[in-house]
2 protein chains.
Amino acid sequence: MNIGEISERTGLPAKTIRYYEDIGLISPMRDANGYRNFAENDAHKLAFLGRARTLGFSIEDCRTLLALYEDQSRASADVKHVATEHLRQIEDKIAQLESMRQTLRHLVSACAGDNRPDCPILSDLAKS
Amino acid sequence: MNIGEISERTGLPAKTIRYYEDIGLISPMRDANGYRNFAENDAHKLAFLGRARTLGFSIEDCRTLLALYEDQSRASADVKHVATEHLRQIEDKIAQLESMRQTLRHLVSACAGDNRPDCPILSDLAKS
DNA sequence: CTTGACCTTCCAGTTACTGGAAGCATTATG
DNA sequence: CATAATGCTTCCAGTAACTGGAAGGTCAAG
């Protein structure tokens, strides 16, 4: 399979797939002309990576998860640990964004949004 | 005021303050020895920037907001527009993270987390 | 045989800093 | 007063995960 075809199949841009090879996540074969030739196993790994990235795992987490996936003697505890830590970080991020949202909602609703200069949003930002 | 003092007062790292000067958000005076000398107005702007960044505004948004803040003839509608758009993006991000959270919670709770290899998290990532 | 689609590599840019090196300036200590 | 410890300066590189674009080789169709 050429990169265009696997890109279609996995939904990952060709650029991203090349990048994943650069950083050692995959190692597709090469044809005589230098073109990458992806096997089913590569497609499988790329799908795995795409899904993991969709769930927000970092590239380094993906690397770890992929290694665990390929290690038949892994302990599920190791996988769970990675996922739990990631979940915790997502929850932290959500809390942080929700706090921003609340403040912004207040400010936005308090702002007239007309052609006068008075603005509670700016007043809030400028308050000491 | 030297950079160390204003850093303390605003809570912004000196590195960040220098960076803000680099990108033209502030323009502190200089003493004869080359040291930056911050006036009250600089402190004020930095506090404004710190608060805006806390609310998640991008640097470019901050630049816009600062310009509006200093423009006595601004229309509050312009400010509100920036804030509303930012709020929308935050809400998008929250929704995306909440979706990740839900999936991850399911997967984590389904995983035994022991020393056996079976792992629903990996199974999910690997599913086509 | 040429055109267009597809592939290659390499370089630069993105966001908002952060760490570190090399080297002055100032201040505190013995 | 010499020296040592801060504090300040600039500049360079790195971070995360791509993305865009240039320059150029390859392949299938007409």
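Throughout, a chain's letter reflects where its sequence line sits, starting with A, and its residues are numbered from 1. What's counted below: heavy atoms across the whole structure, side chains too, no hydrogens, waters or symmetry copies.
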Interface residues of [range] with DNA chain C (non-hydrogen, below 4.0 angstrom):
| range | value |
| --- | --- |
| residues 34-54 of chain A | A:G34, A:Y35, A:R36 |
| residues 81-89 of chain B | none |
| residues 7-24 of chain B | B:P13, B:K15, B:T16, B:Y19, B:Y20 |
| residues 57-70 of chain B | B:S58, B:I59 |

Checklist entry - Any side-chain N or O of A:N33 less than 4.0 Å from the OP1 or OP2 oxygen of D:dC27? => result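 Indeed, a polar side-chain atom of A:N33 lies that close.
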
Listed by chain and number, what are the side chain to side chain donor-acceptor pair (under 3.5 Å) partners of [X], not counting sequence neighbours?
| X | answer |
| --- | --- |
| B:D114 | A:S76, B:R116 |
| A:R36 | A:E21 |
| B:E91 | A:R105 |

For [Y], is there any backbone N or O sitting under 3.5 Å from a side-chain donor or acceptor partner on [X]?
| X | Y | answer |
| --- | --- | --- |
| A:D71 | A:S73 | yes |
| B:T16 | B:L12 | no |
| B:R30 | B:N37 | no |

Checklist entry - Rounding to a whole Å, what distance do you find between A:N2:CG and D:dC27:P? => result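 For the pair A:N2 CG and D:dC27 P, the rounded distance is 10 Å.
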
Checklist entry - Between atom CG in B:D31 and atom P in D:dT9, what is the gap in whole Å? => result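 These atoms are roughly 10 Å apart.
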
Next on the checklist: B:D22: which residues meet the salt bridge (Lys or Arg N to Asp or Glu O under 4.0 Å) condition with it, sequence neighbours left out?
Outcome noted: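 B:D22: no salt bridge (Lys or Arg N to Asp or Glu O under 4.0 Å) contacts found.
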
Checklist entry - About how many Å separate SG of B:C111 and CG of B:L122, when rounded to the nearest 0.5 Å? => result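 Output value for this atom pair is 8.0 Å.
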
Item to check | Of B:N41, B:L66, B:I6, B:L46, the residue whose pairing with B:I26 passes side-chain contact (heavy atoms from CB on, under 4.5 Å) | outcome: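 Single pass found, and it is B:L46.
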
Next on the checklist: Could you tell me if A:E98 and A:Q102 have a donor-acceptor pair between their side chains, going purely by distance under 3.5 Å?
Outcome noted: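 There is no such pair between these side chains.
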
Checklist entry - Looking at B:L104 and A:L55, what are the two nearest heavy atoms and their distance? => result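 So the minimum-distance heavy-atom pair works out to CD1-O, 3.9 Å.
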
Next on the checklist: For a quick test of reading the model, state the closest non-hydrogen atom pair linking A:Y20 to A:I59 and the distance between them.
Outcome noted: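 For A:Y20 versus A:I59, the nearest heavy atoms are CE2-CD1, 3.6 Å.
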
Next on the checklist: Going 5' to 3' along DNA chain C, between which two nucleotides do contacts with chain A fall, using a heavy-atom cut-off of 4.0 Å?
Outcome noted: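 The footprint of chain A covers C:dC6 to C:dC10.
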
Item to check | Inter- and intrachain pairs under side-chain hydrogen bond (donor to acceptor under 3.5 Å, both in side chains), touching residues 45-55 of chain A, at least two apart | outcome: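 Counting only pairs at least two positions apart or across chains, the side-chain hydrogen bond (donor to acceptor under 3.5 Å, both in side chains) contacts touching residues 45-55 of chain A are A:R51-B:D124.
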
Checklist entry - Restricting to pairs with a member in residues 7-16 of chain B, which pass salt bridge (Lys or Arg N to Asp or Glu O under 4.0 Å), not counting sequence neighbours? => result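 Counting only pairs at least two positions apart or across chains, the salt bridge (Lys or Arg N to Asp or Glu O under 4.0 Å) contacts touching residues 7-16 of chain B are B:R9-B:E40.
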
Checklist entry - Can you list the residues that meet the side-chain contact (heavy atoms from CB on, under 4.5 Å) rule with B:T84, with sequence neighbours excluded? => result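 In terms of side-chain contact (heavy atoms from CB on, under 4.5 Å), with neighbours along the sequence ignored, B:T84 is linked to A:V108, B:K80.
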
